[in-house]
Colleague: 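Below is one structure. I have some questions about it.
Each chain gets a letter, A, B and so on, in the order its sequence line appears, and its residues count up from 1.
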Amino acid sequence: MAPFTRAVVKTIRSIPPGRVMSYGQVAAASGSPRGARQVARILHSLSRKYGLPWHRVVNIRGEIALDENGGGGEQQARLEAEGVEFGLGGRIDLKRYGHGADASE
DNA sequence: GCCATGGCTAGTA
DNA sequence: GCCATGGCTAGTA
């Protein structure tokens with residue numbers, strides 16, 4: 001496994017329950033600010049194998065990127081089970097639920 | 001809604 | 001060539 005891939009796996013594992021990060025944030029925290037698509041690719045191929053909390057990664061707008069067939073419904077259900085609230089339009093407020101944010105705000 | 005972006009892997013030589 | 005992105009613009013109301 002390449003260094004960046006390892007770093008991404010580690011970053012994703014560090015997201016606590018009830019918190020989310022965007023693909024780009026995960027990439028940046030892993031040493032490659034422009035590697036958002038790699039994060040998507042890694043989640044797609046390695047989530048199962050490494051037991052990653054894949055549901056805690058959303059796009060920069062706070063939306064679930066997966067479609068219904070791809071597991072979008074399951075992702076939302078898992079996040080809601082961790083206390084994450086979805087606004088109208090199925091958006092998560094990253095100010096509130098982003099990794100490092102204060103959810104009590 | 002369009003399209004540049006990038007690290008990696010599968011597949012070929 | 002893949003990919004579960006992201007950022008910017010055009011075009012409407």
Colleague: For the pair made of CZ in A:R41 and C1' in B:dT5, what is the distance, rounded to whole Å?
Modeller: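 Atom CZ in A:R41 sits about 15 Å away from atom C1' in B:dT5.
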Colleague: Could you note down all residue pairs passing side-chain hydrogen bond (donor to acceptor under 3.5 Å, both in side chains) where residues 6-16 of chain A supplies at least one of them, sequence neighbours left out?
Modeller: A:T11-A:S30
Colleague: Salt bridge (charged side-chain N to carboxylate O under 4.0 Å, His left out) with A:R34: which residues, sequence neighbours excluded?
Modeller: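 Counting only residues at least two positions away or on another chain, A:R34 forms no salt bridge (charged side-chain N to carboxylate O under 4.0 Å, His left out).
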Colleague: Calculate the interatomic distance between A:I12 atom CD1 and C:dT5 atom C1'; express it in whole Å.
Modeller: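 Result: 14 Å.
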Colleague: Whole-Å distance between B:dT9 P and A:R6 CZ?
Modeller: 11 Å
Colleague: Side chains of A:V20 and A:V57, heavy atoms from C-beta outward: is any pair under 4.5 Å?
Modeller: no
Colleague: Under a 4.0 Å heavy-atom cut-off, which of residues 42-49 of chain A touch DNA chain C?
Modeller: A:L43, A:H44
Colleague: Measure the CD-CG distance between A:Q25 and A:N59 for me, rounded to the nearest 0.5 Å.
Modeller: 11.0 Å
Colleague: At 4.0 Å (heavy atoms only), tell me whether A:F4 reaches a base, stays on the sugar-phosphate, or touches nothing.
Modeller: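 It contacts sugar-phosphate atoms only.
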Colleague: If a pair means Watson-Crick or G-U wobble with both distances below 3.5 Å, what does DNA chain C look like in dot-bracket form, with | marking bases paired to a different strand?
Modeller: |||.||||.....
Colleague: Side-chain heavy atoms nearer than 4.5 Å, only ILVMFWY residues, links allowed to pass through others: does that put A:I60 and A:F86 together?
Modeller: no
Colleague: C:dG6, OP1 or OP2 - any side-chain N/O from A:S22 closer than 4.0 Å?
Modeller: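 So the side-chain polar atoms of A:S22 do come within 4.0 Å of the phosphate oxygens OP1 or OP2 of C:dG6, strictly under.
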Colleague: Which pairs would a plain distance check flag for residues 39-54 of chain A, meaning a side-chain donor or acceptor within less than 3.5 Å of a matching protein atom at least two apart in sequence or in another chain?
Modeller:
unit_1, atom_1, unit_2, atom_2, d
A:S45, OG, A:R41, O, 2.9
A:S47, OG, A:L43, O, 2.7

Colleague: Taking A:E85 for the side chain and A:Y97 for the main chain, is one N or O donor matched with an acceptor at less than 3.5 Å?
Modeller: no
Colleague: Which pair of non-hydrogen atoms, one from A:A27 and one from A:A36, has the smallest distance, and what is that distance?
Modeller: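 Between these two residues, the closest heavy atoms are CB-N, 3.6 Å.
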Colleague: Rounded off to whole Å, could you give me the CD-to-P distance for the A:Q25 and C:dG7 pair?
Modeller: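 Roughly 10 Å, once rounded to whole Å.
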Colleague: Taking A:Q76 as the fixed residue, which of A:E74, A:R78, A:E80 is the one that meets the side-chain hydrogen bond (donor to acceptor under 3.5 Å, both in side chains) rule?
Modeller: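 Considering A:E74, A:R78, A:E80, a side-chain hydrogen bond (donor to acceptor under 3.5 Å, both in side chains) with A:Q76 is found only for A:E80.
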Colleague: Looking at every strand, decide which applies to A:G35 at a 4.0 Å heavy-atom threshold: base, sugar-phosphate, or nothing.
Modeller: nothing
Colleague: Separation of A:R34 atom CZ from C:dC8 atom P, in whole Å?
Modeller: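 Interatomic distance, CZ of A:R34 to P of C:dC8: 10 Å.
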Colleague: Do A:R56 and A:E82 sit within salt-bridge range, that is, some charged N less than 4.0 Å from a carboxylate O?
Modeller: yes
Colleague: Measuring from A:I64:CD1 to A:Q75:CD, what's the distance to the nearest 0.5 Å?
Modeller: 4.0 Å
Colleague: What are the atom names and distances for every N/O pair under 3.5 Å that joins the protein to nucleotides 2-4 of chain B?
Modeller:
unit_1, atom_1, unit_2, atom_2, d
B:dA4, N6, A:R37, NH1, 3.4

